[in-house]
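Throughout, a chain's letter reflects where its sequence line sits, starting with A, and its residues are numbered from 1.
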Amino acid sequence: MELKHESNSQATRGRHVEILTGNHAASHAARMARVDVVSAYPITPQSPVVEKISEFIASGEMSARMIRVESEQSAMASCISASITGARVFTATSANGLAYMNEQLAWAAGTRLPLVMCVVTRALAAPWSVWTDHQDAISQRDTGWMQVFCEDNQEIYDTVLEAYKVAENDNIFLPIMVCFDGYILSHTTMPVELLSQNEVDTFLPSFNSHLKLHEKIDEPVGVNPVTLPDPREGFPGYMEFRYRLQKTIEKAIDVFEDIERDFASLSGRNHGGVVRGYKMEDADIAIVGMGSASSQAKKAIPHLREQGIKAGVLTIRLFRPFPKARIREALKNVKQVVVFDRDVAYGLEGAISAELKSALYNRKHQPHVQGFIVGLGGRDFKTEHVIHGTKMAMEYAEKNEVPDETKWLGVDK
Amino acid sequence: MVDYKDPKSTIAAVQVPSEGEAGKTGSWRSFKPVFNPEKCILIKSEKARCHICWMFCPEVAITKSRPPTINLDYCKGCGICSTECPHGAITMKKE
C-alpha cells in the first residue's frame with residue numbers, strides 16, 4: 001500500500017496515520033462521516049466495527065445514536081426508518097446476518113435510501129464457517145444495492161467516505177455495501193492515514209434526504225403503500241419505480257468515478273475508480289478477481305512473468321453496478337481472461353466469471369474466458385493456485401476448449 | 001431535489017394519505033370505535049396536545065380536531081386508535 005503525502009503541509013494538517021484493523025478503519029470512517037444513527041447486530045467477523053463505534057459514542061468522540069436490536073432483520077429495519085427521517089445511517093454485518101437482512105435490503109433500495117453498510121465477507125452456512133469468501137455479498141447482488149470490494153485497510157477507510165458521497169448524490173439515492181474480506185482485512189492491522197475532520201466535512205457535507213419526514217410531522221405521508229401494476233392518476237406503478245431504480249444504478253458508474261477523482265485530489269490517494277489494473281499495460285492475459293482474490297493474483301504476476309507469461313491483474317472494485325464498459329475497455333488488448341471467484345452462483349459457475357462473459361458477449365473483441373472457484377470458507381487461495389489456474393486456462397485456450405463444468409482449485413475432489 | 005408529490009420525479013413510493021384510497025372501507029368493519037369525550041384529554045383540557053388517534057389511524061378516518069371525529073364511511077374497525085389512546089377514550093363495540 002502506498003501513502004502519498006501532499007507536499008503542502010497546510011492541506012494535510014490534522015491528518016495522522018494509525019495502525020488499524022480493517023474493521024476499525026471502517027469505524028473511524030463512520031465516525032468522521034458524522035453518522036447520526038447506527039443499528040447493528042453482532043456477528044463474526046464484523047462485530048469489532050460496531051464495538052469500536054460504541055466506544056466512540058461512549059467517549060463522546062461521536063454523537064451518533066446506537067440502536068441495539070435483536071436481529072439483523074431488525075437492524076436493517078431500524079436503519080431504514082432512521083434514514084427515512086433524514087438521518088445519515090451506518091451498519092455492518094457478515095454472512096448469515098446479511099442473509100437475514102435480505103428482505104429489508106430490498107426495502108432499503110426500493111425506498112432509495114443512501115445507507116452505507118460494511119459487509120465483512122464470510123462464507124454462508126451451512127456448514128457453519130466464520131472464514132472469508134464472497135458468497136454472502138454476492139448472494140445479495142440483485143437487491144438494488146451498490147457493492148464495492150476493498151483490498152486493503154486504507155481503501156476501506158477511503159471507500160466508506162466515498163460510499164456516502166455516492167449514495168447521497170442527488171442523482172443516485174441508493175444504498176451501498178462496502179465489502180472487505182473477513183480476517184484477511186478485518187482483523188489484520190495496517191497503517192491507515194486518517195484525513196482531518198475538516199477535510200472530511202468539506203468532502204462530505206450533511207445529508208440532504210429526498211424524504212425528510214422529520215420536517216413534515218404535521219403533514220404525514222405513507223411511505224411504500226401498495227403500488228399498483230399500472231400508473232394511476234399520475235402516481236407511478238411498480239414498474240416505473242423499478243425502472244427508475246435500474247436507470248439510476250446504471251448512472252452510478254460515472255458518479256462513482258467523478259467522486260473518486262474528487263477524493264483523489266483531496267487525499268492524494270486514487271484507488272482506480274470502478275476497476276483497477278495491475279501490470280495490465282502490456283498484458284496478454286488478464287487475471288480477474290475481487291478483494292483478497294485479486295491481491296493474491298498480484299503476488300503471482302512476477303512468477304508468471306518470469307516464465308514468459310505476460311499476465312496482469314484486473315481488480316473489480318465496483319461489482320454493482322457491474323462496470324461492463326470499463327471492463328471491456330480494460331480487456332481490449334488481452335487474448336485471454338482468467339477469473340478467480342471466491343463464490344459460486346450455484347448451478348451455474350463463479351458469479352464474476354459469468355458476469356464478465358455477459359459483458360463481453362455480442363462484442364467484437366471476445367477473449368477466451370476461463371473461471372475457477374477458489375478459496376471458499378477461508379481455504380487459502382495461494383499463489384500456486386493462480387499460476388496453476390492460469391496455465392490450465394492457457395491450455396484450454398490453446399485447444400479452443402470452453403468446458404461447461406466448473407473448475408475448482410485447492411479442493412480435495 | 002426530488003419532490004415526492006411530483007409523479008415524474010418521485011423516486012420512492014410516497015403517498016399523502018387521503019380518504020377513499022380503497023373505496024368505502026367502512027363496510028369491512030365488525031367492531032366500531034366508540035369515542036368517550038369524558039376521557040379524552042383534548043376535551044378535558046384546552047391546553048392538552050395529543051391526537052395520537054389521528055396520528056395512528058391508517059385510514060385517515062380520524063380528524064385532527066377537538067374532539068377528534070371518526071368517519072365511519074372509511075373506518076375499517078381495526079382498533080389501532082383504541083389500543084394507542086393513552087387515556088382509554090376509545091372502546092371497540094361489536095356492530
Side-chain angles (χ1 to χ4, degrees), chain A residues 80-81 83-86 106-115 144 167-175 207-213 215-249 251-252, chain B residues 1-28 33 41-42 46-71 73-76 78-81 83-86 90:
Chain A
I80 289 170
S81 308
S83 182
I84 284 175
T85 68
W107 280 93
T111 317
R112 306 292 296 276
L113 302 172
L115 307 172
E168 294 172 3
N169 183 287
D170 266 6
N171 295 312
I172 303 292
F173 287 127
L174 276 176
F207 167 41
N208 195 5
S209 169
H210 63 96
L211 288 164
K212 286 193 204 150
L213 295 198
E215 290 175 9
K216 302 183 196 312
I217 203 79
D218 288 322
E219 239 188 288
V221 294
V223 180
N224 292 322
V226 175
T227 302
L228 300 177
D230 293 315
R232 187 178 56 143
E233 290 162 20
F235 192 77
Y238 178 89
M239 203 162 164
E240 280 70 30
F241 283 114
R242 288 284 147 174
Y243 172 81
R244 288 167 199 187
L245 193 156
Q246 168 65 9
K247 288 294 156 189
T248 303
I249 200 167
K251 275 191 285 189
Chain B
M1 194 81 276
V2 177
D3 178 4
Y4 64 80
K5 284 177 184 159
D6 170 13
K8 285 224 164 60
S9 80
T10 188
I11 55 171
V14 175
Q15 266 184 338
V16 181
S18 58
E19 279 180 346
E21 269 296 303
K24 289 205 170 182
T25 47
S27 62
W28 301 6
I41 192 163
L42 292 167
E46 274 190 17
K47 283 183 184 163
R49 287 178 163 260
C50 179
H51 284 114
I52 286 174
C53 53
W54 162 81
M55 180 67 91
F56 274 90
C57 177
E59 290 303 314
V60 209
I62 302 182
T63 56
K64 197 185 179 188
S65 53
R66 277 173 202 267
T69 60
I70 301 169
N71 186 340
D73 280 347
Y74 299 110
C75 167
K76 290 190 293 197
C78 68
I80 291 175
C81 54
T83 303
E84 296 295 339
C85 175
I90 302 169

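B:T10 and A:P236 make their closest contact through CG2-CG, 3.7 Å (heavy atoms, listed as atom of the first residue, atom of the second, distance). Nearest heavy-atom pair across B:A13 and A:P225 is O-CD, 3.3 Å.
Remark: A:F207 CZ is packed, more than 12 non-hydrogen atoms of other residues, nucleotides or ligands lying under 6.0 Å away. Few gaps surround CZ on A:F241; more than 12 heavy atoms of other groups in view lie less than 6.0 Å from it.
With rounding to the nearest 0.5 angstrom, the CD1 atom of B:I11 is 10.0 Å from the CD1 atom of A:I172.
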